[in-house]
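Numbered from 1 within each chain, the chains take letters A, B, ... in sequence-line order. Computed from a predicted model, the values in this text were never measured in an experiment.
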There are 2 protein chains.
Amino acid sequence: MARAAATKGQTRIQREKTEQILEAALEVFASYGFRGSTIDQIATQSGLSKPNILYYFDGKEAIHAVLLGRLLDTWLEPLQSLSDSSTPIDEICAYVHRKLEMARDFPRESRLFANEILQGAPRLLNELQGPLKALTDEKAALIQNWVDAGKISAIDPHHLLFSIWSTTQHYADFDVQVRAVLGSCEGDCFQTAQAHLDHMFRALLKP
Amino acid sequence: MARAAATKGQTRIQREKTEQILEAALEVFASYGFRGSTIDQIATQSGLSKPNILYYFDGKEAIHAVLLGRLLDTWLEPLQSLSDSSTPIDEICAYVHRKLEMARDFPRESRLFANEILQGAPRLLNELQGPLKALTDEKAALIQNWVDAGKISAIDPHHLLFSIWSTTQHYADFDVQVRAVLGSCEGDCFQTAQAHLDHMFRALLKP
DNA sequence: AAAGTTCTTGACCGATTGGTCAGGTTGCTT
DNA sequence: AAGCAACCTGACCAATCGGTCAAGAACTTT
């Protein structure tokens, strides 16, 4: 018997297939949200049969839960590593850079998250009000210290974070719109985006 | 026979009921996306029976299409009215202000749009590549003129627009996250957001 | 190579989905 | 108040949904 749960002591096949399923499910859930996705879609996407998927996971909800669980860890990591520094502006811009890289390299994860939030975050609200709020408050206090020390301009730390999150994730979540507006993007639009955001936040933060 | 299509020459009842249905459908589609929404949900939300809804609209897709059609008109209007001015920075900040007001006053429309883009904009791609791109290019050229005249700092006009769209709509689309992070927001969080965004874009644009 | 476990699937189930339809009810016109 | 069109609904349908199950196939262990 397989049935998810314990992530330890797995067969080779179990490891391969669960990963294969999660990979396909990420693709599907990121595109259609939880309610709009079907197990059959995940089956087709992964090349497995529907009963086979349900052999490894206890249901649609269980697959989604695993994806969301993994998500927050990696999603909050860049903010985790935002730490005190003698050059706060560089520190914040490095955070912006990391977030933009994640939007480029993990757009599906970004869209999975966006879909969940957009639909009221029914399966994520506790995480938002707990760990996310705690971490955000902690880093907001750090930024406030920089403000008080006159090292950066007088901005609202929480709204600064919102601006960073929204501008960077925009390139993943609204990627279709970005491409439509830019036309077939000359080279890598992420490079010009990087330059723009760097310029913007440096201008904003300069004391 | 009713059956949508012509918006002219309608009965009182037709006008009332179609509006009632669209109002409910906006609520539902904005929350669950197209695929995740059901006609039954719209029926419950509007207080009408399912067959009655299908008496006024040719199907789920038709309702969604009407909503999307209405959306783009009102959605692009603020950008439409961005025009040449002797004080470009004020002009752009007024645009930011209008966009933020729309995020506050029409969050469901914002989420409907976000859901559609997030899912690849299958029913909106033509509009994006046509009218939206045309309008965006036109206004980007206007902004570029301001840059060339040295009236604002040297920014990429398209990415400036992306930053405006993402930061303002964030307060509608990610409202759950915003509220979770801020805790029960002291007073109106849109006021502090307005101040923050005004500060940010003025700092960015100052020559 | 036999035995035991893990893995896989076609067939199936009840519930929900988008949508239809015949027939009844309501509202407007004269 | 009669007649007609507009409006509304319960019952129904085929397709799809999430999920089950018995039985067979493949892999491991001995």
Please list every donor-acceptor pair under 3.5 Å in which a side-chain atom of residues 112-127 of chain B meets a protein atom from a residue at least two apart or in another chain.
from, atom 1, to, atom 2, distance (Å)
B:Asn115, ND2, B:Ala30, O, 3.1
B:Glu116, OE2, B:Arg123, N, 3.0
B:Arg123, NH1, B:Glu61, OE2, 3.2

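B:Leu54 has its CG atom 8 Å from the C1' atom of C:dG18, to the nearest Å. Atom pair B:Ile21:CD1 and C:dG19:P shows a separation of 14 Å (rounding to whole Å applied). At whole-Å resolution of the value, CZ in B:Arg15 and C1' in D:dA6 are 14 Å apart. Counting to the nearest Å, the C1' atom of C:dT17 and the CZ atom of B:Arg35 are 11 Å from each other. The interatomic distance linking B:Asn52 (CG) with C:dG19 (C1') rounds to 14 Å, in whole Å. For the pair B:Gln14 CD and C:dC28 C1', the computed distance is 13 Å after rounding to whole Å. The interatomic distance linking A:Tyr55 (OH) with D:dG24 (P) rounds to 18 Å, in whole Å. One can place NE2 of B:His64 at 13 Å from P of C:dG18, the figure rounded to the nearest angstrom.
For a distance-only test at 3.5 Å, the side chain of B:Lys60 fails to qualify as a donor-acceptor partner of the base of C:dG19.
In this structure, B:Lys50 and B:Arg12 both approach DNA chain D, and ranking their closest nucleotides by distance from the 5' end singles out B:Arg12.
Other residues, nucleotides and ligands contribute more than 12 heavy atoms inside 6.0 Å of the CZ atom of A:Phe34.
By the side-chain hydrogen bond (donor to acceptor under 3.5 Å, both in side chains) test, B:Tyr95 pairs with B:Trp165, sequence neighbours left out. Judged as a ring-ring contact (aromatic ring centres under 6.0 Å, His included), and not counting sequence neighbours, B:Phe201 has no contacts. Listed by chain and residue number, nothing satisfies the side chain to side chain contact (heavy atoms under 4.5 Å, CB included) test with A:Asp73 (two or more places apart in sequence, or in another chain). Residues forming a salt bridge (charged side-chain N to carboxylate O under 4.0 Å, His left out) with A:Glu16 (at least two apart in sequence, or on another chain): A:Arg12.
If you check every strand for non-hydrogen atoms under 4.0 Å, B:Lys17 touches sugar and phosphate atoms only.
Listed pair B:Thr11 / C:dG27 fails the phosphate criterion, with no side-chain N or O lying under 4.0 Å from OP1 or OP2. Residue B:Tyr56 has a polar side-chain atom (N or O) positioned under 4.0 Å from OP1 or OP2 of D:dC8.
In the region residues 36-47 of chain A, proximity to DNA chain C at under 4.0 angstrom, judged on heavy atoms, holds for none of the residues.
Donor-acceptor pairing under 3.5 Å is lacking for the side chains of A:Arg108 and A:Ser31.
Considering only the side chain of B:Pro51, D:dA11 comes nearest among D:dT28, D:dG19, D:dA11.
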